[in-house]
Amino acid sequence: MKVSERRMAENEVVFRKANEKVTDDLDQLKKLAAETKQESLVIDDINLEFYCECSDENCRMRVKLSTNDYSEIHKNRARFVIVPEHEVLSIENVISRGHGFWVVEKHEVPSKDATVLKETDVSNV
Ligand SMILES: [Zn+2]
């Protein structure tokens with residue numbers, strides 16, 4: 001993988017981490033609701049606005065999908081959710097075109113250690 005392509009792939013990991021923080025917080029909230037028997041606080045499958053997980057470090061667009069769909073898609077660590085047409089075909093394939101969001105799969109699974117956004121040539125916004 002070329003350096004520029006690795007940067008693009010790593011940016012997607014950074015966006016995914018931000019999104020996963022949201023789903024983690026939600027899990028905490030669910031646990032709390034269960035522990036304190038707050039039956040009014042039923043959090044099951046809700047629609048959230050997740051960050052687009054594309055390669056453009058300047059992209060702050062959102063994709064709306066349910067937390068269950070989000071978790072399902074990310075069981076495969078090579079898959080990311082993006083705003084339609086934010087794909088970069090040199091590093092990924094589009095595997096599903098849904099309503100409001102697309103799912104891409106990386107040719108190579110990027111390092112999960114990426115923590116900061118890096119500059120790329122991609123411009124989706
Ligand atoms: Zn994007």
Side-chain angles (χ1 to χ4, degrees):
M1 203 188 266
K2 284 186 286 184
V3 174
S4 60
E5 289 177 352
R6 197 176 65 226
R7 284 178 164 225
M8 289 190 264
E10 286 181 358
N11 280 350
E12 302 194 9
V13 172
V14 176
F15 283 123
R16 183 169 64 193
K17 279 185 179 163
N19 284 338
E20 283 177 343
K21 179 144 187 357
V22 175
T23 49
D24 283 354
D25 287 350
L26 203 65
D27 283 344
Q28 290 287 340
L29 206 58
K30 277 186 205 170
K31 235 174 81 188
L32 195 71
E35 279 168 7
T36 58
K37 299 192 175 27
Q38 298 257 2
E39 267 133 45
S40 58
L41 193 59
V42 177
I43 310 150
D44 199 7
D45 189 21
I46 59 169
N47 283 309
L48 284 181
E49 306 243 324
F50 291 96
Y51 281 114
C52 170
E53 296 174 337
C54 77
S55 304
D56 181 355
E57 73 279 10
N58 296 312
C59 181
R60 295 292 181 275
M61 291 175 74
R62 304 283 188 133
V63 284
K64 199 170 190 177
L65 64 156
S66 74
T67 51
N68 284 356
D69 283 350
Y70 186 86
S71 306
E72 198 57 39
I73 291 162
H74 290 88
K75 278 182 185 158
N76 182 335
R77 303 302 291 171
R79 293 188 179 180
F80 295 82
V81 292
I82 59 165
V83 168
E85 297 176 11
H86 279 199
E87 79 280 11
V88 177
L89 291 174
S90 62
I91 60 164
E92 62 209 1
N93 292 319
V94 178
I95 58 153
S96 92
R97 292 176 168 84
H99 293 290
F101 69 90
W102 285 5
V103 179
V104 291
E105 185 170 321
K106 295 273 165 296
H107 302 155
E108 284 178 60
V109 179
S111 162
K112 61 179 175 13
D113 301 325
T115 52
V116 289
L117 292 170
K118 299 192 179 81
E119 211 171 301
T120 65
D121 300 331
V122 184
S123 183
N124 284 332
V125 289

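Every number for a ligand or one of its atoms is a count from 1 in the order of the listing.
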Novice: Around Asp121, counting heavy atoms of other residues, nucleotides and ligands shown, do more than 12 lie under 6.0 Å from its CG?
Specialist: no
Novice: Under 2.8 Å from the Zn ion (ligand 1), which protein atoms of type N, O or S occur, listed by chain and number?
Specialist: Cys52 SG, Cys54 SG, Cys59 SG, His86 ND1
Novice: Can you list every pair that meets salt bridge (Lys or Arg N to Asp or Glu O under 4.0 Å) and has a residue in residues 67-80, with sequence neighbours left out?
Specialist: Glu20-Arg77, Glu72-Lys75, Arg79-Glu105
Novice: Can you list every salt bridge (Lys or Arg N to Asp or Glu O under 4.0 Å) pair that touches residues 85-103, not counting sequence neighbours?
Specialist: Glu92-Lys106
Novice: Can you tell me which residue pairs pass the ring-ring contact (aromatic ring centres under 6.0 Å, His included) test with a partner in residues 64-94, sequence neighbours excluded?
Specialist: Phe50-Tyr70, Tyr70-His74
Novice: Judged by atom type as modelled, is there a donor-acceptor pair below 3.5 Å linking the side chain of Ser96 to the main-chain atoms of Gly98?
Specialist: no
Novice: Given side chains that start at C-beta, do those of Met8 and Asp56 come closer than 4.5 Å, heavy atoms only?
Specialist: no
